[in-house]
Amino acid sequence: MDTLMPAIFFGHGNPINALQRNSYTEAWADIGKAVPRPKAIVVISAHWYLPGTAITANLQPPTIHDFGGFPQALYDVEYQAPGDPPLAKHIQDMLAPLTVNLDENWGLDHGAWSVLCHAFPEADIPVVQLSIDASKPPQFHYELGKQLAALRSEGILLMGSGNIVHNLRTYAWGKTEVTAYDWADRFENQIRKFIFEGDHESLINYMQLGTDAALAVPTPEHYLPLLYVLGSKQAGEEISLPVEGMEGGSISMLSVQIG
């Protein structure tokens with residue numbers, strides 16, 4: 001039997017992190033060195049959010065620069081990890097009867113490569129990316145995480161990438177040493193509490209946290225990758241928070257590691 005790989009949710013934050021060496025990127029590098037070497041990586045990123053479920057099935061997924069207004073050096077980044085079409089087909093079969101489209105056009109968006117370029121800088125581990133179905137409720141995404149859990153016993157790293165708190169409208173652009181908004185702190189702290197209590201029902205129904213949730217998660221795509229990771233948790237597994245912090249007052253950099 002292969003080593004049971006961890007499942008990790010990364011708070012990826014600003015794509016410029018791909019070019020920087022800071023406390024977050026150094027922690028991502030440390031995670032990559034600490035985990036057993038994966039046979040492959042399956043990424044659920046906030047930035048492939050569409051009405052349907054798809055998985056990349058190309059031999060060489062392109063590096064997608066899905067942003068604007070950044071320095072040219074960021075657009076020059078190429079994370080040339082191979083794809084894994086047989087793994088994509090395997091996941092398609094695992095998730096049946098759900099319709100999962102094998103996609104040869106999408107690649108790795110910045111939710112994937114801005115973290116992976118630090119965690120696995122050699123880009124020599126196959127990576128496939130699974131889309132987030134925008135038409136489905138949070139429970140659906142948690143249940144998909146349960147179905148994907150079997151991949152971990154096959155030596156595959158399950159990676160979610162988003163931000164537990166993600167509100168760009170309130171982000172303190174151009175400022176440094178910004179104190180987190182009180183609602184951002186309260187929401188993140190409540191999510192931490194639910195995680196360590198194993199209260200997955202409350203994590204799925206996060207909007208019950210009212211105004212704080214509405215501000216922290218104005219749109220769901222950055223939160224939902226967390227549910228895939230939590231859904232894959234096995235009984236008795238340890239949980240840790242290898243990365244912490246809040247950028248611009250309203251972007252949580254919290255990472256959550258299972259196993």
Side-chain angles (χ1 to χ4, degrees), residues 2 5 7-10 12 15 18 32 37-68 70 74-136 140-141 143-162 219-222 224-229 231-232:
D2 289 305
M5 289 297 299
I8 309 173
F9 170 83
F10 289 91
H12 66 249
R37 180 178 171 84
K39 288 185 175 179
I41 302 169
V42 175
V43 181
I44 300 96
S45 165
H47 296 280
W48 198 18
Y49 186 63
L50 69 160
T53 302
I55 190 160
T56 55
N58 30 23
L59 285 169
Q60 185 63 62
T63 304
I64 299 174
H65 302 90
D66 51 331
F67 41 69
F70 287 93
L74 191 59
Y75 298 92
D76 293 339
V77 173
E78 293 289 333
Y79 188 77
Q80 297 183 335
D84 192 335
L87 175 58
K89 182 63 171 66
H90 177 43
I91 292 171
Q92 183 187 50
D93 293 340
M94 284 179 67
L95 298 182
L98 177 70
T99 298
V100 179
N101 295 316
L102 298 177
D103 189 296
E104 296 186 11
N105 296 310
W106 194 254
L108 303 179
D109 58 50
H110 80 267
W113 58 260
S114 68
V115 175
L116 290 173
C117 70
H118 293 286
F120 301 102
E122 298 301 318
D124 57 354
I125 298 170
V127 183
V128 301
Q129 191 166 326
L130 183 71
S131 73
I132 300 174
D133 188 341
S135 69
K136 301 295 186 183
F140 170 87
H141 303 287
E143 295 299 331
L144 278 195
K146 282 187 173 182
Q147 291 179 263
L148 294 170
L151 295 171
R152 297 178 54 202
S153 63
E154 299 175 20
I156 295 169
L157 177 66
L158 187 63
M159 171 182 163
S161 182
T219 56
E221 75 284 344
H222 278 77
L224 292 175
L226 173 67
L227 298 184
Y228 287 80
V229 169
S232 77

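Every value quoted in this text rests on a predicted model; they were computed, and no experiment measured them.
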Between [X] and [Y], what is the shortest heavy-atom contact and its length?
X      : Y      : value
Ala40  : Ile125 : CA-CG2, 3.8 Å
Thr56  : Val128 : OG1-CA, 3.3 Å
Gln129 : Ala112 : OE1-CB, 3.7 Å
Leu224 : Ile132 : CD1-CG2, 3.8 Å
Pro61  : Gly107 : CB-CA, 3.8 Å

Main-chain N/O of [Y] paired with [X] side-chain donor or acceptor, under 3.5 Å:
X      : Y      : result
Asp133 : Ser135 : yes
Ser114 : Gly111 : no
Ser232 : Ala149 : no

Legend entry - Evaluation steps, ring pair (Phe, Tyr, Trp, His ring centres under 6.0 Å), between Tyr75 and Phe67: CA-CA 9 Å; Tyr75 298 92; Phe67 41 69; 5.2 Å; yes
Can I get a per-line list of side-chain donor-acceptor pairs under 3.5 Å for residues 94-104, giving both atom names and the distance, sequence neighbours left out?
unit_1 : atom_1 : unit_2 : atom_2 : d
Asp103 : OD1    : Asn105 : N      : 2.7
Asp103 : OD1    : Trp106 : N      : 2.7

Name every donor-acceptor pair, under 3.5 Å, that has one atom in a side chain of residues 41-49 and the other anywhere in the protein, sequence neighbours excluded.
unit_1 : atom_1 : unit_2 : atom_2 : d
Ser45  : OG     : His47  : N      : 3.1
Ser45  : OG     : Asp109 : OD1    : 2.7
Ser45  : OG     : Asp109 : OD2    : 3.4
His47  : NE2    : His12  : NE2    : 3.2
His47  : NE2    : His110 : NE2    : 3.2
His47  : NE2    : His222 : NE2    : 3.3

Inset, instruction - Quick one: do Glu154 and Met5 satisfy side-chain contact (heavy atoms from CB on, under 4.5 Å)? Show the steps, please. - result: CA-CA 8 Å; Glu154 299 175 20; Met5 289 297 299; over 6 Å; no
Inset, instruction - Mind checking the CG-CD spacing from Leu227 to Glu143? Nearest 0.5 Å is all I need. - result: 10.5 Å
Inset, instruction - Measure the CG-CG distance between Leu130 and Leu148 for me, rounded to the nearest 0.5 Å. - result: 6.0 Å
Legend entry - Cationic N near anionic O, under 4.0 Å, Asp124 to Arg37: yes
Inset, instruction - With the side chain counted from C-beta on, respond yes when Trp113 and His65 share a heavy-atom pair under 4.5 Å apart, and no when they do not. - result: yes
Please tabulate, for side-chain N and O atoms in residues 76-83, each donor-acceptor pair with protein atoms closer than 3.5 Å (sequence neighbours left out).
unit_1 : atom_1 : unit_2 : atom_2 : d
Asp76  : OD1    : Gln72  : NE2    : 2.9
Glu78  : OE1    : Thr63  : OG1    : 3.4
Tyr79  : OH     : Phe120 : O      : 2.8

